[in-house]
Amino acid sequence: FFRNKNITKGRDFSKDRVFKVGSTVTFCCVLPEGILFSKMHLAGFESNTTQISNQTYAMTVRLGAWEKDSCANVECETDKQVWACAYIGYPPGDRDLQCETRTLQSVECHWSVGRKTQVEQKTKTIYHLLGRKCVNGNKGECKMEVQVDAGERNWTLTAENQLGKVELTDRADLTKRVHMFPPEQLKASTVNARNITLEWEWSEQYYHIYTNLNLTCQVDISHGETNTMMPLDNQSHGHIEDYEVTWAKTADRKPNRTKVHNKDRAELTLDRSEEYIVTVTARNANGSSSPSTVVIPSLNPDGTERVNTSQIIGSNGSISLSWSASPTASCGYIVDWCQTLECSNVEWLKVAPNETSASIFSKTFTDGVRYSFSVYACTREAPVLLERREGYVHEKSMEDNLFKLKFKQQGSDVEVSWARINLTEQSAFIRGYVLYCEANNKIINNVSTDKTDATSLRVNNLSIGSYTFRLTAKTADGECGTTVISTTLNSLTDTLVNSVVICLVAVFVVLSLITVLCYRHWACIKRKVYPPIPKPVLTEKFTSSPGENHCRLLHVDQHHGEGDIVNVSELQCNSLVALENGYNHQENMPFVFSQTPKGYYNQPLKISIQPPLTFTAAAVSSQSEAPCSPFKGVFSNLSYNPIMQECTTGDQQSNSDSELQGGTDIERSSSGYQPQSITETFSVNQTTDDLESPISCDSTYILLPKSPSH
């Protein structure tokens, strides 16, 4: 916050502030009456400015990385440009503390100095070891006088500035970390052909200290170009040639063996539903060591853990664990850890039975990587899992564009959803989500949730228009993982119209496709739906000149047997004049022919042939009678069953039907066979004026059974 009372003189009365990278800060500008506001901005950062009152404006900024050692200017522009200076940086990031002693009267600690804080001009990093200030802490070392006693203890270093504090701890027994000064007055007192005696002295100030230590000395012998190192293998442990690893189920005790060269680990494939005993033995040129044994317990039948997993956060580059004492821990406790996603490199330490806490430090610890820590009770049998933790040594801000966003409009509401974040992309624990809604570069609404498993947030009661939605994840390091999606809200009417148009277009496309397919395959469809009907074959005699007024009648010899076939070559009707010569028919005659399709041949049928088929004729009534002639002629063929028929009217139709159909048995087949037929009708509707016109008739070939020869 800064207030400019003397803005007309271009002076700035604000005080410099220090801000942490990743934090969200609101700057305010209060102007005197009559001064017109132009804009506020922070160089290098996106911001949103909001007018709080007539002369008060606020700007909210999320501070990203700032690589300069100088401050950043927060500018409030009017007719005179004024600014406030903001320092943006980091808290201390020192790590990897290790302490040792050289005299047992003092302690020397070394560590790795973290990245530049970028705020050294404004605030220095102050270091303390065991609560006392370190002089050269910025160089990564600190020394002070302190009595070193036997036993483990915590050696604690703190580094602090205005943005934060880190605490580094090294738990060690420094009587086992004595970095000795070199001896003085080294000489060879006795030299023989096969041995030599070396003597040296310690400085007086260290003599009483070093003489109480259990020392193992190493001698480097050089002769010409050769260089040899002497104590005995059983004194110095010597060079380890290999390790022998054995494992067996506790139920059968049948061991498996393998040798490991130049490595200090072995990977075994075990049945996790069984309990195993694993032993490791080191071997050098002098022999083998005593075996070290570990019992690997079995898992639950369903493969799940027997304890729940809780979260833990480290500090000062280390993880501090504490747990409840267990009566089963007869030989102490075991703590192991590895990366959660890739637990291939497991580290561990042993804790005494009377201890229920441990400070874990490893050179392999990496910021932003999640680790799993397990605490076991050491027993004479398999270790018992007591607790399991997951956490980060130091959490890091997650990169932007972390989420894959989707949006859905529901009336005047918008729901923004996202998929769960993979553990590989989480460099910190997600503690919730915040969704900002912006219009015209101004935040008009925001919603948040503290549910870590949430996958959507909803913004309600929005007007029609364009909006930008910005989603962030809440972590201990601030909001991060910013992802932006923009959209335009449409009215419900527009949505309905769009849906109808899409449906109509879809229907049109489908119908067009069907039309094209039908057009391309129309010939095939026509053959399937309307198969072609073969036409009867006409002879020339059948269509002879109108002058020949005669009609041949078909006679079937009754002496023909069923073994012969009569070939009736032609049926000819030349003129309708016969109707005037006594045929008892009217002048309108529809004929029906039944003919088998072309190429179809039926087998000869066995039947007794009746007397010859005869067409009868009666006197024709006057031409003024009904226009439809009562004439009806029927011809039946056993094989083809062709029929010539004319429709009749009134009582004359029934008389002629009974006369023609009742007078022959040629229509009935002894075998009941009725071949397929296609019927075609010819209609003659002529008046007296055109009786002289010829009748167009088709000739046909009819196969009739012949009688067997006698």
Side-chain angles (χ1 to χ4, degrees), residues 20-24 89-97 111-112 114-115 117 125 128 154-171 305 307-324 333 335-343 346-349 351 356-375 386-399 402 420-434 448-454 472-481:
K20 182 179 178 181
V21 172
S23 60
T24 301
Y90 303 90
D94 302 78
R95 55 184 302 164
D96 302 346
L97 175 67
W111 63 90
S112 299
R115 61 189 172 188
T117 62
T125 301
H128 291 85
N154 289 333
W155 304 92
T156 303
L157 174 77
T158 60
E160 183 178 10
N161 64 10
Q162 291 187 24
L163 298 180
K165 175 181 177 181
V166 295
E167 184 175 280
L168 307 180
T169 302
D170 182 19
R171 184 176 180 82
E305 299 284 355
V307 297
N308 295 325
T309 301
S310 57
Q311 295 183 358
I312 188 172
I313 298 297
S315 62
N316 308 323
S318 64
I319 293 288
S320 297
L321 291 176
S322 61
W323 57 90
S324 301
Y333 302 91
V335 180
D336 68 15
W337 63 93
C338 63
Q339 291 187 18
T340 302
L341 292 178
E342 187 180 358
C343 195
V346 180
E347 299 180 77
W348 60 279
L349 62 83
V351 181
T356 57
S357 63
S359 181
I360 301 173
F361 168 80
S362 174
K363 293 182 178 180
T364 63
F365 281 158
T366 304
D367 292 348
V369 176
R370 185 177 295 189
Y371 293 88
S372 296
F373 301 86
S374 303
V375 179
L386 300 179
E387 295 184 11
R388 175 154 291 174
R389 311 278 181 87
E390 284 188 2
Y392 299 87
V393 177
H394 182 265
E395 294 181 289
K396 291 177 59 178
S397 295
M398 289 175 279
E399 297 181 355
L402 176 67
R420 292 183 179 273
I421 306 303
N422 293 330
L423 193 59
T424 55
E425 299 175 315
Q426 292 189 34
S427 56
F429 284 119
I430 296 178
R431 306 181 186 278
Y433 303 91
V434 181
S448 62
T449 179
D450 293 331
K451 296 181 179 179
T452 59
D453 57 348
T472 62
K474 295 192 294 185
T475 68
D477 203 38
E479 295 181 10
C480 56

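Owing to the predicted nature of the structure, the values given are computational and were not obtained by experimental measurement.
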Quiz item: Between Thr125 and Ala159, is there a donor-acceptor pair closer than 3.5 Å when you use the side chain of the first and the backbone of the second?
Solution: no
Quiz prompt | Ser357 side, atom OG; Arg171 side, atom CZ - distance, nearest 0.5 Å | solution = 6.0 Å
Practice problem: Search all heavy atoms of Ile430 against all heavy atoms of Thr452 and return the closest pair with its distance. | Solution: O-CG2, 3.0 Å
Quiz item: Looking only at heavy atoms, what is the nearest atom pair of Val335 and Val351, with distance?
Solution: CG2-CG2, 4.2 Å
Exercise. Under the side chain to side chain donor-acceptor pair (under 3.5 Å) rule, what do Asp477 and Ser397 come out as? Steps first, then yes or no, please.
Key: CA-CA 6 Å; Asp477 203 38; Ser397 295; 2.5 Å; yes
Practice problem: Might you work through the side chain to side chain contact (heavy atoms under 4.5 Å, CB included) test for Val393 and Arg95, ending with a clear yes or no? | Solution: CA-CA 10 Å; Val393 177; Arg95 55 184 302 164; 5.6 Å; no
Quiz prompt | CD/Glu399: more than 12 non-hydrogen atoms of other groups inside 6.0 Å | solution = no
Practice problem: List the steps, then state whether side chain to side chain contact (heavy atoms under 4.5 Å, CB included) holds for Trp337 with Leu349. | Solution: CA-CA 9 Å; Trp337 63 93; Leu349 62 83; 3.9 Å; yes
Quiz item: Does the side chain of Trp111 reach to within under 4.5 Å of the side chain of Leu157, using non-hydrogen atoms?
Solution: yes
Quiz prompt | Heavy-atom pair of closest approach, residues Ser322 and Arg389 | solution = O-NH2, 3.0 Å
Self-check item: Non-hydrogen side-chain atoms of Lys474 and Asp450 separated by less than 4.5 Å
Solution: yes
Quiz item: So, does Glu395 use its side chain to make a donor-acceptor pair with the main chain of Phe429 at under 3.5 Å?
Solution: yes
Exercise. Working to the nearest 0.5 Å, report the span between CG of Leu97 and CH2 of Trp155.
Key: 11.0 Å
Exercise. To the nearest 0.5 angstrom, please state how far the CD atom of Gln339 sits from the CD atom of Glu347.
Key: 10.0 Å
Quiz prompt | Residue pair Gln426 / Tyr392, side-chain heavy-atom distance below 4.5 Å | solution = yes
Exercise. Measure across Lys396 and Ala428 and return the closest heavy-atom pair with its distance rounded to 0.1 Å.
Key: O-CB, 3.5 Å
Quiz prompt | Straight-line distance of Ser320 OG to Asn154 CG, nearest 0.5 Å | solution = 8.0 Å
Self-check item: Nearest atoms (heavy-atom pairs only) where Thr340 meets Ser372
Solution: OG1-OG, 2.9 Å
Practice problem: Look up atom OG1 in Thr156 and atom CG in Asp170, then write down how far apart they are to the nearest 0.5 Å. | Solution: 9.0 Å
Quiz prompt | Backbone N/O of Thr366 and side chain of Tyr371: donor-acceptor pair under 3.5 Å | solution = yes
Self-check item: Donor-acceptor under 3.5 Å (Asn161 side chain, Tyr90 main chain)
Solution: yes
Practice problem: Might you point out which heavy atoms bring Gly164 and Pro92 nearest each other, and give the distance in Å? | Solution: O-CD, 3.4 Å
Quiz prompt | Distance, nearest 0.5 Å, that separates CG of Leu321 from CD1 of Ile360 | solution = 4.0 Å
